[in-house]
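Reading through the structure tokens given below for one structure.
Both backbone and side-chain heavy atoms feed into the values below; hydrogens, waters and symmetry mates do not.
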Amino acid sequence: MFSMSLSTAVSADGGRAFIPMGTADSVGVMNLETHRLTSTISGTVNTHGSALTPDGRYLVVGSLTAHDNQEPPMRPESVTEDDHAAHHGGGGAAAPELSGTGRVYVVDTSTNAMERVYEVPGPVHHVLVTPDGRYAVSTHPMGGGISVVDLDSGKVVDVIATGPSPNYIATTGDGQTLFVSNTGNGTISEVDTGNWFVKRNVLVGGGPEHMALAPDGDHLYINDAASGEALKLRLSDGVVTARYQIGEAPHGLGLSADGKTLFATSQGDERLVRIDLTPGIRKSFPLAPAPYHLAVSPVDGRILVTSRGEAKLWILDPVSLAILDEVSLDGIGHQISIYKP
């Protein structure tokens, strides 16, 4: 029986980073102690978004390619035909009829084996797993909303319209609220996960993309691809209280564990930016070519950044921003997920 039970822990030594590599059709697995790729997860198509279940046992990755919905999703070797037919997803009545669908892959991180392939209503950009491990939420930039998949049944339990070109997803610690950035109309949608509906849209303007929620739960940091800034949104009243200059074409965004430092990438200026939030001091470091997705390691606080121009990933010191290591990838790295043992 396929189960997302939080009681089953992943069997692995040390922290690991999972890096979807887009059109390389694979996901790289990197040991955070040695900074080396230890294995590759294959069998995916153009994976961009990724997220781990809370226990780290399963990795959920989404395909940014439209698939022919007349053909069933691929059946992993470990799954019987009957079980596959019962679980491949896409059966939710709320799903719109599209000429193509997206796919969400569920991988057992202890073996790197593909456990399930679920069908969702459209190509998937970014992915989030709810804190209870029950649902995978995907943004669909061509569909104007998000889909919610029950990870046990594989069924699409809801499809929610948020706004044009939904990009990224963040969640509160209790999982009761999700935030979706809608790049197409400059809004942040606040989604109630108890009833799966948009309870508020906050206009921030520009082109909001990646986001990070502060530990206080009341401030959301959002990169604005249009203005080249990161915004600080106070959620209690929907007011943007601060703006921080990042640079041309900002993309990756992350917070230190204590919420006191913001990190962001500027693809156009080819720099990694560090902002000490309390005094508002900005520091930047040249990083070329085209620094792209960013993740702050919960293991040691180091910064992981992929390049959009080359198949590689940098590991940087969070204080000095010095490059500590450089890792070759098989493709361009996208939304990084990190497992902390």
Quiz item: Asp276 side chain to Thr261 main-chain N or O, any donor-acceptor pair under 3.5 Å?
Solution: no
Exercise. Verify whether one side chain among Asn167 and Ser181 offers a donor that lies under 3.5 Å from an acceptor in the other.
Key: no
Quiz prompt | Backbone of Val29 reached by a side-chain donor or acceptor of Ser39 within 3.5 Å | solution = no
Exercise. Determine whether Ile338 and Ile303 fall in the same hydrophobic cluster, where Ile, Leu, Val, Met, Phe, Trp and Tyr are linked whenever their side-chain heavy atoms lie under 4.5 Å apart.
Key: no
Quiz item: Counting only N and O atoms by type, is there a donor-acceptor contact under 3.5 Å from the side chain of Thr109 to the main-chain atoms of Gly56?
Solution: yes
Quiz item: Do Tyr221 and His210 have their ring centres less than 6.0 Å from each other?
Solution: no
Quiz item: Of the options Arg116, Arg134, Lys155, which is the one that meets Asp150 in a salt bridge (Lys or Arg N to Asp or Glu O under 4.0 Å)?
Solution: Arg134
Quiz item: Does Ala290 offer a backbone N or O that forms a donor-acceptor pair with the side chain of Glu270 under 3.5 Å?
Solution: yes
Practice problem: Taking Thr130 for its side chain and Tyr135 for its backbone only, find out whether a donor-acceptor pair lies under 3.5 Å. | Solution: yes
Quiz item: Between the side chains of Ser189 and Asn201, is a donor N or O closer than 3.5 angstrom to an acceptor N or O?
Solution: yes
Quiz item: Is it true that the side chains of Asp330 and Ser26 contain a donor and an acceptor less than 3.5 Å apart?
Solution: no
Quiz item: Val157, Leu178: one ILVMFWY side-chain cluster at the under-4.5 Å cut-off?
Solution: yes
Quiz item: For the atom pair CG (Asp158) and CD1 (Ile146), what is the distance rounded to the nearest 0.5 Å?
Solution: 8.5 Å
Exercise. Can you label the angle between the His293 ring and the His126 ring as parallel, tilted or perpendicular, going by 30° and 60°?
Key: tilted
Exercise. For Ser50 and Ser337, run side chain to side chain donor-acceptor pair (under 3.5 Å): C-alpha distance rounded to whole Å, both residues' side-chain angles, the deciding distance at 0.1 Å, then the answer.
Key: CA-CA 6 Å; Ser50 77; Ser337 292; 2.7 Å; yes
Quiz item: Ignoring hydrogens and geometry, is there a side-chain-to-backbone donor-acceptor pair from Thr183 to Pro208 under 3.5 Å?
Solution: yes
Exercise. Please check if the side chain of Tyr118 supplies one atom and the backbone of Leu151 the other of a donor-acceptor pair under 3.5 Å.
Key: yes
Quiz item: Between the side chain of Thr53 and the main-chain N/O of Tyr58, is any donor-acceptor distance below 3.5 Å?
Solution: yes
Self-check item: Backbone N/O of Glu248 and side chain of Ser266: donor-acceptor pair under 3.5 Å
Solution: yes
Quiz item: Short question: side chain of Glu190, backbone of Val202 - any donor-acceptor pair under 3.5 Å?
Solution: no
Quiz item: Would a hydrophobic clustering, with Ile, Leu, Val, Met, Phe, Trp and Tyr connected at side-chain separations under 4.5 Å, put Met211 with Val240?
Solution: yes
Exercise. Take His125 and Leu64 through the side-chain contact (heavy atoms from CB on, under 4.5 Å) test and state the conclusion after the steps.
Key: CA-CA 6 Å; His125 195 190; Leu64 194 53; 4.3 Å; yes
Quiz item: Taking NZ, NE, NH1 and NH2 as the nitrogens, is one of them in Asp216 or Arg234 under 4.0 Å from a carboxylate oxygen of the other?
Solution: no
Quiz item: Are Val198 and Val180 grouped together when hydrophobic residues (ILVMFWY) are joined by side-chain heavy atoms under 4.5 angstrom apart?
Solution: yes
